[in-house]
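Some notes on the structure that comes next.
Just so we're on the same page: letters track the sequence lines, and every chain starts at 1.
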2 protein chains.
Amino acid sequence: MNHEPASSTAAPRRRAGRPRSVVLDRELIARAALKLVAAGGYSTLTMSALAKSLSVSPSALYNHVESKQEIMQWIQEIVMDGVDSTVFETLPLDEALMAWAVTYRDIFAGHAPLIPLIAVLPVSGSPRTLEMYEKVAAGFTRAGWKQEDIIPAIVALESFIFGSALDATAPLDIFDPGENTGNIPNFEGALEAQRATGRHSADAAFHAGLRAIVNGLLATSRTT
Amino acid sequence: MNHEPASSTAAPRRRAGRPRSVVLDRELIARAALKLVAAGGYSTLTMSALAKSLSVSPSALYNHVESKQEIMQWIQEIVMDGVDSTVFETLPLDEALMAWAVTYRDIFAGHAPLIPLIAVLPVSGSPRTLEMYEKVAAGFTRAGWKQEDIIPAIVALESFIFGSALDATAPLDIFDPGENTGNIPNFEGALEAQRATGRHSADAAFHAGLRAIVNGLLATSRTT
DNA sequence: GTTCTAAATGAATGACGTTCATTTACTAGA
DNA sequence: TCTAGTAAATGAACGTCATTCATTTAGAAC
């Protein structure tokens, strides 16, 4: 992971404008947006706040960006770059999948608003995401998987990861039945027993689920 | 599934107003909202469109609703009611989980914008959701599961289901690498092989993943 | 008939994201 | 050195939202 600035479209060269100290470009905007998000969450990421943080007027951003969505995509690429997919080159498939999934979920738990976007976004716009897929696919191939089973396995894992990342942002007491108690003995019993373990239910669920899905996938995999 | 009107707070009785034909109430608003969504998707669900569909001014809605979010929660309850969780009373656990998960995903694939909401919403506000959890928990209990493992298993399954529902809304060609071809032989090979099967990759992934996670959970389950 | 009150009104507000005509100031070519 | 040409920034709009609020309306209760 961790690439250079990597602007797929050549960065605009200093040309003109006002007595500006710097000229906006993709990298600058994306970094500023990420900083804003890091400081105050996604609700503080507005075009005017972003512009202000760059000492520029909101409309100036539109010389470099088509829409706010595009900025979200830039952020997504940077964030995705934090996912460690080198593990597929060093670990056996099952361990690599587990390690990869853990970092993947942890990172996107802090960027939940990106998830509905990513799930629907063509990968063609994100070279780094493609690189990640390549490394994962290589891991499956090396383990002898049938080619046609690889994409579904990756997508299934990602679905679980994204769902778990969303879940990780839920409040701790999300399952508290409140006043609606009485008719739900099995659920309440399970809830109490889970509570007694002292574990975060989201974490317990993610790890149990991850083990299950990885084992399950490997158990049913047909090799070439 | 399928309950009566079920307004937890008593419905406001006809009291006064204008020469209105009907008085707004929770059920009426929720149904109108759902109808709007069914007709034009979530982007068409605005407070003024909703008000117009009820022949009322937007501000009138706020006599019955705290916020648009609350309307979304009402919709969520109705939608959740469509998930069939009676299967746990008739089928063995593994089959019941599969059947339940399939309807769960299919239904929420048509209501993706609800997912980020649900994942974070306290269940205390939704009696029907609690009822569903009770049925699922009962299924696990009946199969002899350790109580403390039940909640994590349910949460893991739900995470996978929600992630898959989001994924189901993605465009068919989401994985098309576009111009970024060349350095990704393993991924492209896997993609081509998957394409050749003629299956929707989202569907293939969901079914493969579901089988894997259910088998994996049952394989590692410790019973009482 | 007077009072009480739930409900509806419509005008106004304040965030947003986004557009556009206009201006600014650097660069390249004559 | 002068002159276009042009990337970039400006600020004043817009349109679309959700939401608020003072005011009005008209049944119900006594």
Measure from [atom1] on [X] to [atom2] on [N] and round the result to the nearest Å.
X: Y62(B); N: dC21(D); atom1: OH; atom2: C1'; answer: 13 Å
X: L54(A); N: dT10(D); atom1: CG; atom2: P; answer: 11 Å
X: M72(A); N: dG17(C); atom1: CE; atom2: P; answer: 10 Å
X: E66(B); N: dT20(D); atom1: CD; atom2: C1'; answer: 13 Å
X: E70(B); N: dA18(D); atom1: CD; atom2: P; answer: 15 Å
X: K52(B); N: dT16(D); atom1: NZ; atom2: P; answer: 12 Å
X: D25(B); N: dA6(C); atom1: CG; atom2: P; answer: 16 Å

Find every protein N or O atom lying less than 3.5 Å from an N or O atom of nucleotides 13-15 of chain D, and list the pairs.
none

Sequence neighbours excluded, which residues qualify as ring-ring contact (aromatic ring centres under 6.0 Å, His included) partners of [X]?
X: F162(B); answer: Y104(B), F108(B)
X: Y133(A); answer: F175(B), F187(B)
X: F140(B); answer: W145(B)
X: Y62(B); answer: none

*Kindly check if the number of other-residue, nucleotide or ligand heavy atoms within 6.0 Å of CG (N63(A)) is above 12?*
yes
*Check the surroundings of atom CD in E89(A): do more than 12 heavy atoms from other residues, nucleotides or ligands lie under 6.0 Å from it?*
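Above 12, so yes.
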*Measure from the side-chain heavy atoms of S57(B) and tell me the nearest of dG10(C), dA12(D), dA9(D).*
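For the S57(B) side chain, the nearest candidate turns out to be dG10(C).
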*Taking the side chain of A60(B) as heavy atoms from C-beta outward, which of dT9(C), dG11(D), dT19(D) is closest to it?*
dT9(C)
*Can you tell me which residue pairs pass the ring-ring contact (aromatic ring centres under 6.0 Å, His included) test with a partner in residues 30-58 of chain B, sequence neighbours excluded?*
Y42(B)-H111(B)
*Is there a donor and acceptor pair closer than 3.5 Å between the side chain of N63(B) and the base of dA8(C)?*
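Yes, the side chain and the base share a sub-3.5 Å donor-acceptor pair.
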Just the table, please: protein N/O against nucleotides 12-16 of chain C N/O, every pair under 3.5 Å.
none

_Can you list everything that forms a side chain to side chain contact (heavy atoms under 4.5 Å, CB included) with D173(B)? Sequence neighbours excluded, please._
P171(B), D176(B)
*Does any pair with a residue in residues 198-210 of chain A pass side chain to side chain donor-acceptor pair (under 3.5 Å), and if so which ones, sequence neighbours excluded?*
R105(A)-D203(A)
*Ignoring backbone atoms, test whether H64(B) places a side-chain nitrogen or oxygen under 4.0 Å from the OP1 or OP2 oxygen of dA6(C).*
no
